[in-house]
Trainee: 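Following this message is one structure expressed as C-alpha cells.
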Amino acid sequence: MKITGTFNKSEQFFVVTGENVFIELEQFLNDFCILPVRIFILVDENTRHHCLPILLSHSVILKNAEIIEIPSGEKNKSIETAVQLWNALMERRADRHALLINLGGGVISDLGGFISSTFQRGIPYINIPTTLMAQVDAAIGGKTGLNFGDIKNQVGTFYNPKAVFIHSGFLKTLSKDHIANGFAEVIKYALIEDAILWNKLEKLLLHESILKIPSNNLLWEKLVDRSIKIKYDIIVNDFHEENIRKLLNFGHTFGHALEAMSMRNFNPGLHHGHAVAMGIIFESYLSFKQTGLANEDLNSIVSLILLNYEYFPIQDSGSEQLIEFMSHDKKNKDHNIYFTLLQRPGKAIIDQRCDSELIQDALEYYHQLR
Ligand code: GLY
C-alpha cells in the first residue's frame with residue numbers, strides 16, 4: 001500500500017507498506033540525496049541489533065549513514081535524552097539539510113521527531129517504525145514529544161515526517177508483549193471508526209487471546225494497513241488536533257494517566273498499549289453512562305480486553321492520583337476533564353465533559369472488575 005497526500009496545507013507526505021517498502025525507501029533516498037546529504041539513523045540497543053542490519057542490507061545509500069544510539073524504554077523519552085541528541089548532532093556537525101531516520105518504536109519516533117523539529121529550527125526526518133505500536137500509531141501523523149514532570153507527552157510539537165516506511169518483517173522480531181501493546185491501538189481504531197472491523201475482532205478474540213496469533217501471520221499486515229488508513233483519513237483533515245483528531249484519543253485520557261502513575265510507582269511502568277486497553281474499559285463505561293453505548297457492547301468490549309490483557313488493579317488511594325494525572329490531559333478546558341466517548345462500536349464522539357461524580361462511578365466500576 002502507498003498512501004500519498006498533502007498535510008498542513010502544503011507538506012507532501014507518504015506512507016508505504018508491503019513488499020516494495022525497501023525499494024521505495026531507496027528511491028526516496030535517491031531523490032532526497034541529489035546533493036550530498038548527511039544521514040543519521042537513530043536507534044536503541046534493540047533496533048541496532050535486530051533491525052539495523054536488515055535495513056542496511058537493503059540499501060546502498062545508507063551504508064554511509066551515521067548511527068546514533070539511545071537506551072530503549074519510555075523513561076528515556078526525556079529532556080535529558082533530548083539534550084544528548086542535540087549534542088550528538090552538534091558534535092557531528094549536522095546542518096539543516098541533514099536527514100534523520102528514526103528506526104524504532106514509539107519512543108524513537110516521538111523523540112526523534114521532536115529532535116528533528118527543534119534542531120536548527122527543523123530538519124527533515126523519516127520514520128521506519130519497528131513495533132506494532134509505532135507502525136499503527138506513533139510513527140504516523142507528526143506528533144512528536146517527550147514526557148516531562150511525570151506527565152506523558154507534555155512537551156512536543158506537530159512536525160510531520162517526510163515519509164513513513166513500514167516493513168512487516170520487523171514484527172517478527174517482537175515479543176508477544178510488544179504485539180499486545182500495539183494491538184490496543186487496533187482495537188481503538190475499530191471502536192472509533194470501523195464497526196465491521198470490530199465485529200471481526202469480536203469473532204476472533206472473544207474466545208482466543210491475541211497472543212496466540214503468530215507475528216508472521218498475514219492478518220497483521222491487513223490490520224496495520226487498515227489502522228494506518230483510518231488514522232491517515234483523520235489526520236489529513238485535522239493535523240493540529242483542533243477537532244476530529246481527538247477521536248484518536250479514545251481510551252487515552254485514563255490510559256495516559258494510568259501509564260504515568262505506573263511509571264511513577266514502578267520501573268518499568270505499564271506498557272502504553274496495556275494502559276490504553278484499561279483506558280478503553282474505563283472510557284467505555286463512561287460511554288455507557290453518558291453517550292448511549294449499549295450495555296451489551298460495554299460487556300463485549302470489557303470481555304475482549306480482559307481476555308487479552310491482564311487486569312491492572314489500582315489501590316483505592318491511587319484514584320486521586322489518577323484524577324490528578326487526568327486533569328493534565330491536553331483535551332481539557334476550564335479545569336474540566338474531557339473525553340472522547342463511544343455512541344456505539346464504530347462511532348465515537350469528541351469533547352465529552354464528564355463530571356467528577358461520573359468519573360468516581362467509573363473508577364468504582366473499574367475497581368469491581370478486579
Ligand atoms: N496517537 C494519537 C494521535 O496521533 O493523534
Side-chain angles (χ1 to χ4, degrees), residues 3 5 7-8 11 13-15 74 77 102 104-114 116-117 125-127 129 131-147 151-161 163-164 166 178 181-194 223-260 270-280 283 326 328-332 338-342 348-352:
I3 333 182
F7 270 76
N8 214 6
E11 290 167 39
F13 164 88
F14 61 93
V15 188
E74 186 72 27
K77 212 173 106 175
N102 298 320
V107 171
I108 293 279
S109 52
D110 284 11
L111 194 56
F114 180 71
S116 306
S117 72
Y125 76 110
I126 63 175
N127 284 333
T131 62
L132 183 62
M133 170 60 73
Q135 293 192 352
V136 296
D137 186 22
I140 317 267
K143 271 191 182 174
T144 84
L146 42 89
N147 306 329
I151 309 293
K152 291 270 306 171
N153 304 327
Q154 185 71 358
V155 172
T157 57
F158 287 99
Y159 189 68
N160 215 23
V164 180
I166 294 180
H178 271 98
N181 185 37
F183 191 70
E185 300 289 349
V186 178
I187 296 173
K188 174 196 80 178
Y189 288 122
L191 286 172
I192 62 167
E193 277 288 324
D194 191 341
L223 291 175
V224 169
D225 278 9
R226 182 68 194 127
S227 300
I228 292 171
K229 187 74 177 70
I230 292 173
K231 179 157 187 182
Y232 181 90
D233 285 344
I234 291 174
I235 57 181
V236 282
N237 289 303
D238 180 24
F239 183 64
H240 287 107
E241 196 171 294
E242 280 149 23
N243 46 70
I244 57 167
R245 189 165 182 167
K246 292 181 210 167
L247 289 170
L248 298 171
N249 273 297
F250 176 62
H252 283 62
T253 310
F254 183 88
H256 275 151
L258 189 62
E259 189 184 354
L270 264 187
H271 272 150
H272 175 70
H274 193 161
V276 167
M278 298 301 111
I280 290 176
E283 294 177 23
M326 283 195 275
H328 287 280
D329 192 274
K330 290 184 279 308
K331 294 185 299 306
N332 293 345
Y338 279 72
F339 294 84
T340 294
L341 298 180
L342 298 178
I349 176 166
I350 61 172
D351 291 335
Q352 292 299 301

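Atoms within a ligand are numbered from 1 in the order they appear, just like the ligands themselves. All figures in this text were calculated on a predicted structure; none of them were measured in a lab. The first residue of the sequence shown is numbered 1, and numbering continues consecutively from there.
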Trainee: First locate atom CD of Q352, then atom CG of L342, and finally report the distance between them rounded to the nearest 0.5 Å.
Mentor: 10.5 Å

Trainee: With side chain to side chain contact (heavy atoms under 4.5 Å, CB included) as the test, would you mind laying out the steps for V164 and Y232 before giving the verdict?
Mentor: CA-CA 12 Å; V164 180; Y232 181 90; over 6 Å; no

Trainee: For D233, enumerate each residue passing the side-chain contact (heavy atoms from CB on, under 4.5 Å) test, keeping only those at least two apart in sequence or located in another chain.
Mentor: K229

Trainee: With sequence neighbours left out, what residues match N153 under side-chain contact (heavy atoms from CB on, under 4.5 Å)?
Mentor: K77, D110, N147, H256, K330

Trainee: Could you give all pairs that pass the salt bridge (charged side-chain N to carboxylate O under 4.0 Å, His left out) test and reach residues 132-147, with sequence neighbours left out?
Mentor: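 Salt bridge (charged side-chain N to carboxylate O under 4.0 Å, His left out) check on residues 132-147 returns D137-K231, K143-E241.
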
Trainee: Parallel, tilted or perpendicular: which describes the rings of H240 and F158, with under 30° parallel and over 60° perpendicular?
Mentor: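 H240 and F158: perpendicular rings.
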
Trainee: Check each protein residue for a heavy atom under 4.0 Å from ligand 1 and list those that pass, ordered by chain and number.
Mentor: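 Near ligand 1, by chain and number: D137, K143, K231, E241, R245, L248.
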
